There are 2 protein chains.
Amino acid sequence: MNLKELASRLGLSPTTVSRALNGYPEVNETTRERVMAAAKRHNYHPNTRAIRLATGRAMAVGHVIPIASRHEIVNPVFADFIAGAGETYSRNDYDMLLSVVSDDQEEDTYRNLKSKGNVDGVIVHAPRLDDQRIRLLFDIGLPFVVHGRSSGSTLPYSWLDVNNRRAFSRATEFLLDLGHSRIALVNGLEFMDFAIRRRGGFSDALQQRGLAPDPDLMASEEMTEVAGYRAARRMLALLVPPTAFLVSSMISGMGVRRAIEERGLAMGRDVSVIIHDDDLSYLKNGEDVPIFTATRSSVREAGRQAAEMLLHMIVSPREGPQQRLLEAELIIGQSTAPVRRL
Amino acid sequence: MNLKELASRLGLSPTTVSRALNGYPEVNETTRERVMAAAKRHNYHPNTRAIRLATGRAMAVGHVIPIASRHEIVNPVFADFIAGAGETYSRNDYDMLLSVVSDDQEEDTYRNLKSKGNVDGVIVHAPRLDDQRIRLLFDIGLPFVVHGRSSGSTLPYSWLDVNNRRAFSRATEFLLDLGHSRIALVNGLEFMDFAIRRRGGFSDALQQRGLAPDPDLMASEEMTEVAGYRAARRMLALLVPPTAFLVSSMISGMGVRRAIEERGLAMGRDVSVIIHDDDLSYLKNGEDVPIFTATRSSVREAGRQAAEMLLHMIVSPREGPQQRLLEAELIIGQSTAPVRRL
DNA sequence: TGTTGCATCCAAAGCGGTTTGAAATCGATT
DNA sequence: AATCGATTTCAAACCGCTTTGGATGCAACA
């Protein structure tokens, strides 16, 4: 069942039927109802491929998921971010197209997406310092929203980010207020923009109180359980070990906890830990009482909002770039306590 | 730059250019080379939308990700499965379309995917007992491959699954061989097919040795850290607590470990734990020495293979359904030891 | 009565490819 | 020289929709 057939059954032209279904004004209300009814009765669904060719719009947005070629790691926040974005897309009848590519093919992927015309815009994931993709997307003229920011980029682009700097400076201050002065940072890889900002917030807060960040107490690694464990183990073995940890993710935090307990210490008593909690649906930070004290910001909500921004840009392209900065909450859990001299 | 323009620049008809580019035999080799060269020189990429309309193929496959409407949980294995499938798709120039829908809209989603014609096939995720989607997809004639199986389905459909039953019976036997007899099962939700099979393997192995599964030692919940923790805590508080746990996922396993340690016990000494490890990239089970003893099967590899099966079905539809059963390895880690009377 | 304007409807030309059926070219064969 | 078959090329139809640029009918107006 297609437009032409439906039209002939109704004794109307395809033009009129198309207009009736798409809500154009130049069609009699009674005929519109007839058409609507017939469409429903015959279970007519317009062929997406035809619509796309005719309108020139793809009605789809792309997410290019980079796989770090060295580590082959899929960032676990993608699942939730995409779930959030997906909600927005389906509400607006857009498709979501996923390209999983190793990071050295990313540029080609964007180029292809544009020239083959299968998306109207893209979300840029995991921005790095002075990220080249921003310039590229500008040049090829594909609308985009960055999840995160890219320090060093001078072009005015659209982004949605969590205030990582503020989140980590608040968390640091909180630990300082508890009397901790040997605070360790178990950060993500510091070519990632968010990791740089987090370190900035951490260092700032220390310096504000006249403390210098100790390089021995700073790690920058993949955010996995094992990496968190190793970093914490190394630091706890120092002559003057840290009494508190600031950790970039729930998963690393679990590794840190393992290292702490392995030394016979107890998290939340002997050693304090604050993590950043992306509020992943499958990794809830406890139920009523949070396990970890945490800076929390829902990555799923970020996905919803980033997708909305992108759709808006696609529909009204002349409105210029938008930015949105989300604040993280500081959630007090069971993993922090006043410093305790060992 | 489009076909027509490229053709006129070459002084050829669109027909010939199209054929030259698509490798049809009825075109002179020298002209083909001319065409190829010109296409490259002018950076010509055929418009996907036009190809799709003309050929009637979508060159895309859909993944419908159900969100359990009660719990709003995105299954964490999706990220890796999709990464694997994505590799296959990009190698074959297929797009991957993701629909994230709450599970009560799933049926409509499949229907739309078919009638609007934006995919050539789908992967069915997270099959349940006697899953209705199998019948539906048969009825609407959309090629599909199930990741997992659906006990009770009588139709011959294509699937790729891990031998969950065998994996869990082997793990149980391993614990029995270590002298454990109070073995607990912390399972996933048991309307999921894989969870049913795992319980089957577990019970079988016990009964084989003349032991009856104790209902108090069996939990069936969402596979989250907190759920694992709660289940284990409850069981450890029993009059006769378990000396070993069989746990359905790495994440639940972390919760189980937390419960164990909270009671002042040590995992791998006082209490043994075996988990199922999907070999997720961001949740590696240790490095050289695995943390957990585990039944392991890479969900990413499953994604790669399932995608290959689906593409094969799309290209050669008359070949009938295929099945593939992957075996899990049993990895010995630090979380198991001979039983120790408490 | 002849215009004018509005409300409706339609034919046809796109969108950018693929594919069918036929034509042109050319060497080989009778 | 005429015929044939194989090779190579092309014009035009087609995929299923949108959209432009009229048509048509009818009431209102001068």
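Computed over heavy atoms, backbone and side chain alike; hydrogens, waters and symmetry mates excluded. These numbers were taken from a predicted model, which means no experiment stands behind them.
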*asked:* Side chains of B:Asp193 and B:Ser151 only: does a donor on one sit below 3.5 Å from an acceptor on the other?
replied: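 The criterion, which ignores hydrogens and geometry beyond distance, is satisfied for B:Ser151 and B:Asp193.
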Please report the distance, rounded to the nearest Å, between [atom1] in [X] and [atom2] in [N].
X       : N      : atom1 : atom2 : result
A:Leu53 : D:dC17 : CG    : P     : 12 Å
A:Glu26 : D:dT20 : CD    : P     : 10 Å
A:Arg57 : D:dC17 : CZ    : P     : 15 Å
A:Leu12 : D:dC17 : CG    : P     : 15 Å
A:Arg52 : C:dG17 : CZ    : C1'   : 16 Å
A:Asn28 : D:dT24 : CG    : P     : 19 Å
B:Arg34 : D:dT8  : CZ    : P     : 14 Å
B:Tyr24 : D:dT9  : OH    : P     : 16 Å

*asked:* Between the side chains of A:Arg9 and A:Glu5, is the shortest nitrogen-to-carboxylate-oxygen separation below 4.0 Å, so that they form an ion pair?
replied: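 Judged by the 4.0 Å cut-off on N to carboxylate O distance, A:Glu5 and A:Arg9 do form a salt bridge.
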_Could you check whether A:Arg52 pairs with A:Asp95 (Lys NZ or Arg NE/NH1/NH2 to Asp/Glu carboxylate O, under 4.0 Å)?_
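Looking at A:Arg52 and A:Asp95, the cut-off is met.
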What is the nucleic acid contact for [X], judged by heavy atoms within less than 4.0 Å: base, sugar-phosphate only, or nothing?
X       : result
A:Ile51 : sugar-phosphate
B:Gly11 : sugar-phosphate
A:Thr55 : sugar-phosphate

*asked:* Looking at D:dT18, I'd like to know if its phosphate oxygens (OP1 or OP2) sit under 4.0 Å from a side-chain N or O belonging to A:Asn22.
replied: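 For D:dT18, OP1 or OP2 has a side-chain N or O of A:Asn22 closer than 4.0 Å.
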*State yes or no: are the ring centers of B:Phe78 and B:His63 separated by less than 6.0 Å?*
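No, too far apart.
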*So does B:Thr15 reach the base of C:dT19 with its side chain, donor to acceptor, closer than 3.5 Å?*
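Donor-acceptor pair under 3.5 Å: yes.
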*Is a donor-acceptor contact shorter than 3.5 angstrom present between the side chain of B:Arg19 and the base of D:dT7?*
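Such a pair does not exist between side chain and base.
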*Do A:Val17 and A:Lys4 come within less than 4.5 Å of each other through their side chains, counting heavy atoms only?*
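No, their side chains stay 4.5 Å or more apart.
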*From the options D:dT9, C:dG16, D:dG16, select the nucleotide whose nearest atom is closest to the side chain of B:Thr31.*
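Looking only at side-chain atoms, B:Thr31 lies closest to D:dT9.
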